[in-house]
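Okay, so here's the structure we're looking at.
Just the heavy atoms: all of them, side chains too, but no hydrogens, waters or symmetry mates, feed the values below. Both counts, for ligands and for their atoms, begin at 1 and track the order of listing.
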Amino acid sequence: MRVVTLAGGTGAAKLLRGLVTCVPQRDLTVIGNTGDDTEVWGLHISPDLDTVTYALAGMLDVERGWGLAGETFNCLAAMATHGAETWFNLGDRDLATHLTRTRALRDGQPLSTVTARLAAELGVAVRILPMSDDPVRTMIRTPGGRLTFQEYFVREKALVEVVGVDYDGAPSAGPAPGVVESIQTADVVIVCPSNPVTSIGPILAVPGIVDALRSTTAPVVGVSPIVGGAAVSGPAGALMRVRGLAVSPLGVAEACAPWLRRLLIDPRDRACASDLARVGVEADVADIVMTDRAQEAALARRVLEVALERRGT
Ligand code: GDP
């Protein structure tokens with residue numbers, strides 16, 4: 001069974017860890033968000049691809065939700081001595097990933113090639129694809145000017161007012177090799193519980209990806225990142241409001257209309273089911289908050305069950 005997922009970082013990483021307990025790694029494809037990519041100290045950082053790769057390698061710092069477990073930050077401290085900006089935390093071992101990626105990109109390799117190589121070198125057999133090899137940058141519009149996503153989220157701690165979100169570069173970007181084909185030939189497509197505006201939104205903004213989602217014969221099933229009127233973590237709520245989306249499973253469904261068939265929602269959001277039906281999305285109530293490995297695996301199983309119930313109907 002070929003399972004294809006659209007993924008951001010922390011929320012997606014949890015469900016993906018669950019999915020690899022149900023599906024052989026080789027049958028799982030991740031289409032990862034690169035709208036959060038940034039450059040720090042001349043290095044190309046792909047935070048969401050790294051979070052997913054580290055999670056699947058069993059190396060993610062689970063408490064932080066990013067970076068490597070047991071990491072040290074000696075280089076960061078030394079860079080501060082030299083007057084470098086240090087608001088974006090880069091761990092010592094994490095730097096090996098960014099150095100490898102940056103060198104490969106400078107040698108002319110596409111991001112998809114080096115992403116596959118990094119995953120393989122860390123023992124991950126899941127196929128991890130960036131949404132695009134072309135630069136797409138999520139820009140957060142604030143009253144004081146535009147910020148990159150990392151400036152907004154990490155430097156400003158998501159505390160500034162947001163008036164809009166842009167996906168720079170998206171109109172002229174193309175899907176990375178394998179992205180469209182994997183969606184077209186999937187048995188199941190899963191939209192991970194990721195930020196609809198800054199994780200799933202940039203993926204959908206790459207021309208060709210929505211067309212593939214509309215035309216695939218695979219059931220497309222999502223897990224709501226919004227529970228009881230708020231994001232489980234992070235700034236999804238504020239960003240959804242700015243995009244005119246309700247901070248509820250309905251807003252999540254609307255961000256994915258009209259190709260999303262089913263959405264797993266929390267029992268607290270049971271009352272949303274009729275709203276979802278109005279936009280053509282069937283609701284399935286499940287325990288969608290993952291706080292340990294058992295819950296990750298149980299939710300992954302449930303998502304696959306829900307998707308397969310739909311098969312051929
Ligand atoms: P980011 O790039 O690290 O922000 O990664 P994501 O977009 O994948 O993750 C953030 C989103 O995941 C937020 O909108 C959270 O509400 C959602 N999320 C995090 N943990 C969980 C969880 O256990 N269950 C569900 N349903 N959503 C979650």
Got the closest protein heavy atom to [atom], with its distance?
| atom | value |
| --- | --- |
| atom 8 (O) of ligand 1 | Ser194 OG, 2.7 Å |
| atom 26 (N) of ligand 1 | Ser224 O, 2.8 Å |
| atom 20 (N) of ligand 1 | Lys14 NZ, 2.9 Å |
| atom 24 (N) of ligand 1 | Ile288 O, 2.7 Å |
| atom 6 (P) of ligand 1 | Gly9 N, 3.4 Å |
| atom 2 (O) of ligand 1 | Asp48 OD1, 2.9 Å |
| atom 10 (C) of ligand 1 | Thr10 OG1, 3.6 Å |
| atom 23 (O) of ligand 1 | Met290 N, 2.8 Å |

The one among Ser233, Pro249, Ala236, Gly11 that brings a heavy atom closest to atom 13 (C) of ligand 1: Ser233
Relative to atom 12 (O) of ligand 1, which among Pro193, Ala13, Gly237 owns the nearest non-hydrogen atom? Pro193
Separation between CD1 (Ile128) and CD (Gln25), nearest 0.5 Å, reads 8.5 Å
Counting only heavy atoms not in Arg103, do more than 12 fall under 6.0 Å of its CZ? no
Kindly check if the number of other-residue, nucleotide or ligand heavy atoms within 6.0 Å of CZ (Arg155) is above 12? yes
Quick one: salt bridge (charged side-chain N to carboxylate O under 4.0 Å, His left out) partners of Glu121, sequence neighbours excluded? Arg117
Do the ring planes of Phe149 and Phe153 sit parallel (below 30°), tilted (30 to 60°) or perpendicular (above 60°)? parallel
Of all the atoms in ligand 1, which lie at a distance below 4.0 Å from a heavy atom belonging to [X]?
| X | result |
| --- | --- |
| Ser199 | 2 (O), 5 (O), 6 (P), 7 (O) |
| Val289 | 23 (O), 24 (N) |
| Asn195 | 6 (P), 7 (O), 11 (C), 14 (O) |
| Ala231 | 16 (O) |

Is any N or O atom of Val232, backbone or side chain, closer than 3.5 Å to an N or O atom of ligand 1? yes
For ligand 1, find out whether one of its N or O atoms is nearer than 3.5 Å to an N or O atom of Val227. no
For ligand 1, the portion of Asp36 having any non-hydrogen atom under 4.0 Å away: side chain
Test item: Ser132 side-chain N/O and Asp134 main-chain N/O as donor-acceptor pair under 3.5 Å: yes
Just by modelled atom types, is the Thr185 backbone N or O under 3.5 Å from a matching donor or acceptor in the Arg2 side chain? yes
Between Arg262 and Glu282, is a salt bridge (Lys or Arg N to Asp or Glu O under 4.0 Å) present by the stated rule, with each step listed? CA-CA 5 Å; Arg262 295 178 84 151; Glu282 221 171 296; 3.5 Å; yes
Looking only at non-hydrogen atoms, find the nearest pair between Gln150 and Trp87 and report the distance. O-CZ3, 3.4 Å
